[in-house]
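What you see below is based on every heavy atom in this structure, not just the backbone, and it leaves out hydrogens, waters and symmetry mates. Chain A is the first sequence line, chain B the second, and so forth, proteins listed ahead of strands; every chain is numbered from 1.
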Protein chains: 2
Amino acid sequence: MPVAPPPPKSLPLTALRAFEAAARLGGFTAAAAELGVTPGAVTAHVKALEEGLGAALFERQSKGVRLTALGAAAAGGFTEAFDALARAEAVLRARAAPQVVHVATLPAIAQLWLSPRLPALRAAAPEISVSITALEAPPNLKRAPYDLSLFPAATGGRLVAVDAVFPVCAPALADRLRRPEDLAAVPCLSDAAWAGDWDLWLAAAGVAVRPRGPVFSLYALAVEEAVNGAGVLMGHAALVADHLARGRLIAPFPQRVALPQGLRLWSARPMPRGSAVARVVEELSRGAP
Amino acid sequence: MPVAPPPPKSLPLTALRAFEAAARLGGFTAAAAELGVTPGAVTAHVKALEEGLGAALFERQSKGVRLTALGAAAAGGFTEAFDALARAEAVLRARAAPQVVHVATLPAIAQLWLSPRLPALRAAAPEISVSITALEAPPNLKRAPYDLSLFPAATGGRLVAVDAVFPVCAPALADRLRRPEDLAAVPCLSDAAWAGDWDLWLAAAGVAVRPRGPVFSLYALAVEEAVNGAGVLMGHAALVADHLARGRLIAPFPQRVALPQGLRLWSARPMPRGSAVARVVEELSRGAP
DNA sequence: AAATTAGGGTCAGGAAAACTAAGCCATGCC
DNA sequence: GGCATGGCTTAGTTTTCCTGACCCTAATTT
């Protein structure tokens with residue numbers, strides 16, 4: 001019963017947030033990704049927390065970590081608390097700037113689907129300011145400060161565009177493509193994140209060729225190259241529609257493979273009728289299936 | 001509808017906490033006191049928040065601040081969220097160290113009332129470790145990491161000791177004190193925080209003398225000086241009982257003024273039956289009125 | 001009117017926290 | 001065996017956070 005020397009200090013908020021994320025996502029690496037820091041930072045935070053408590057929150061295993069009984073018992077409360085905090089922050093933001101809508105989406109979608117729709121949106125609701133952030137993966141809408149999230153998915157949210165894949169190329173190149181087998185003779189562009197698109201289409205078309213060509217890390221860049229005649233790209237209907245309509249790209253083969261996933265729009269919170277978010281959703285849903 | 005350049009970042013947690021405290025307590029100075037920082041730090045945090053939002057949270061007035069409509073609308077949600085966070089932290093602490101009880105109290109109470117009771121507590125529950133923190137003012141139990149708070153108050157909590165004031169001094173000095181009027185002839189010790197005690201007693205005793213003597217910032221120090229014969233101290237029954245019982249101090253006059261406030265014990269949370277906190281409360285309540 | 005008090009705002013500087021980068025280790029899978 | 005995954009460690013750097021000293025204003029006191 002000694003009078004403990006250290007005056008009790010509240011545990012640091014950032015460390016608690018790191019613990020919560022790690023507990024919820026089941027790993028330090030995943031938590032680091034969500035928080036936008038390196039895994040080392042999460043390691044340090046959790047360690048500081050455990051030191052302050054004098055008890056372990058995770059069991060370290062060769063591959064990954066697992067919550068201890070203590071950690072598991074505590075995690076839920078923190079998740080709720082940080083959810084409440086994020087909600088409060090969202091309310092604050094919405095009231096502070098009610099005419100600003102934050103949208104998170106893939107870079108390719110931002111550039112090839114969303115961007116072409118902005119002029120119409122601006123015309124329909126000039127008072128609304130849309131802020132677009134390109135992310136590689138869908139954000140945690142309960143936490144990240146976005147109002148809308150627009151990502152490809154098979155279910156959930158609101159479907160704003162169906163998708164299908166099929167080869168596209170510049171008109172000049174199309175002359176050399178009579179049959180799918182001709183693809184072996186031209187460069188076949190592909191995107192690193194959507195590497196499976198070619199296999200998907202080739203299998204559906206019953207073609208055995210193995211296409212070769214440059215790989216891009218940005219789909220929009222691959223599209224640009226296709227427009228420039230650099231090769232044949234596996235096009236996503238939702239993303240090349242504009243170029244097809246303008247004749248800058250054409251589809252040399254009739255076969256299309258419908259994808260199970262379409263472009264889907266999630267709202268972070270219930271949208272008040274008439275709010276800026278609701279108006280944006282309405283506009284983006286125009287022409288949806 | 002421009003694509004806003006800054007990628008939206010979550011607002012800093014510490015700034016949100018500062019805003020919440022300022023909103024709840026109605027001022028930056030009060031918030032700074034609760035958070036244990038200087039007012040300038042709170043100013044900076046709120047300013048950073050307002051800058052990030054592009055909107056004001058407080059109206060600055062010559063004397064103090066007032067929440068704007070925006071700030072008032074947002075504050076409640078943050079208070080709830082931080083309350084939830086504090087609860088989660090308390091659960092974590094309690095599970096991590098179930099045999100440790102953190103008590104917050106006045107320095108004088110810690111030394112003169114609590115400390116003498118610790119040996120009995122240790123004997124009754126040797127497995128429990130009591131950590132005592134001396135504070136000048138009662139903490140916000142919903143937030144600060146204490147299990148128990150022991151402070152003088154007229155209502156609330158659980159009364160563990162009544163209090164009364166009356167002059168006390170070393171036996172050697174008592175010979176010179178036949179009537180209250182004799183107080184004018186000896187040094188009268190007083191504590192800076194309890195400056196009104198003398199007036200209270202003198203009024204009740206119907207004495208018109210104006211006592212003079214050294215002022216202490218620590219009541220325990222004043223008691224020590226009184227024991228050493230440095231003068232007459234306005235004694236608090238609850239705090240000088242031990243010295244009176246041992247004959248190191250005596251009360252030269254029979255008049256006692258009962259105080260409306262007694263020593264009261266608050267628990268931060270409901271105490272599970274049989275928990276360490278419950279045991280400590282039980283022991284400290286022994287002999288309570 | 002002058003002084004005092006109470007509450008904020010501002011700024012420079014310094015301490016502490018947070019983060020990154022790079023390398024290490026162990027395990028499990030191909 | 002080789003590689004990938006996931007976490008740990010350390011050193012060094014950036015950023016945040018806070019203090020301390022000062023100024024400002026309005027209300028209250030003298």
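- For the pair B:Glu89 and B:Arg93, the salt-bridge criterion is met [side-chain N within less than 4.0 Å of a carboxylate O].
- Distances shown here put a side-chain N or O of A:Thr38 below 4.0 Å from the OP1 or OP2 atom of C:dT20.
- For A:Thr43, the side-chain atoms get nearest to D:dG7 when compared with the rest of C:dA18, D:dG7, C:dT20.
- Remark: A:Lys47 is not in phosphate contact with D:dG7, judged by side-chain N or O atoms under 4.0 Å from OP1 or OP2.
- Look at B:Thr29 and you won't find any side-chain N or O under 4.0 angstrom from OP1 or OP2 of C:dG7.
- An OP1 or OP2 oxygen of D:dC17 is reached within less than 4.0 angstrom by a side-chain nitrogen or oxygen of B:Thr14.
- Nearest heavy-atom pair, B:Ala18 versus B:Ala31, reported as atom, atom and distance to 0.1 Å: O-CB, 4.4 Å.
- Closest to the side chain of A:Lys63, from the set C:dG28, C:dA18, C:dT5, is C:dG28.
- Ion pair B:Glu20/B:Arg143 flagged as a salt bridge, since at least one NZ, NE, NH1 or NH2 atom sits closer than 4.0 Å to an Asp/Glu carboxylate oxygen.
- Closest to the A:Ala41 side chain, of the nucleotides D:dC18, C:dC19, D:dC8, is C:dC19.
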Practice task
Return one dot-bracket line describing DNA chain D 5' to 3' (Watson-Crick or G-U wobble pairs, both distances under 3.5 Å; ( ) same strand, [ ] crossing, | another strand, . none).
Solution key: ||||||||||||||||||||||||||||||
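- Taking 4.0 angstrom as the limit, A:His45 places a side-chain polar atom (N or O) nearer than this to OP1 or OP2 of C:dC19.
- Proximity note for A:Arg60 (side chain, C-beta onward) versus D:dG7, D:dA27, C:dC19: the nearest is D:dG7.
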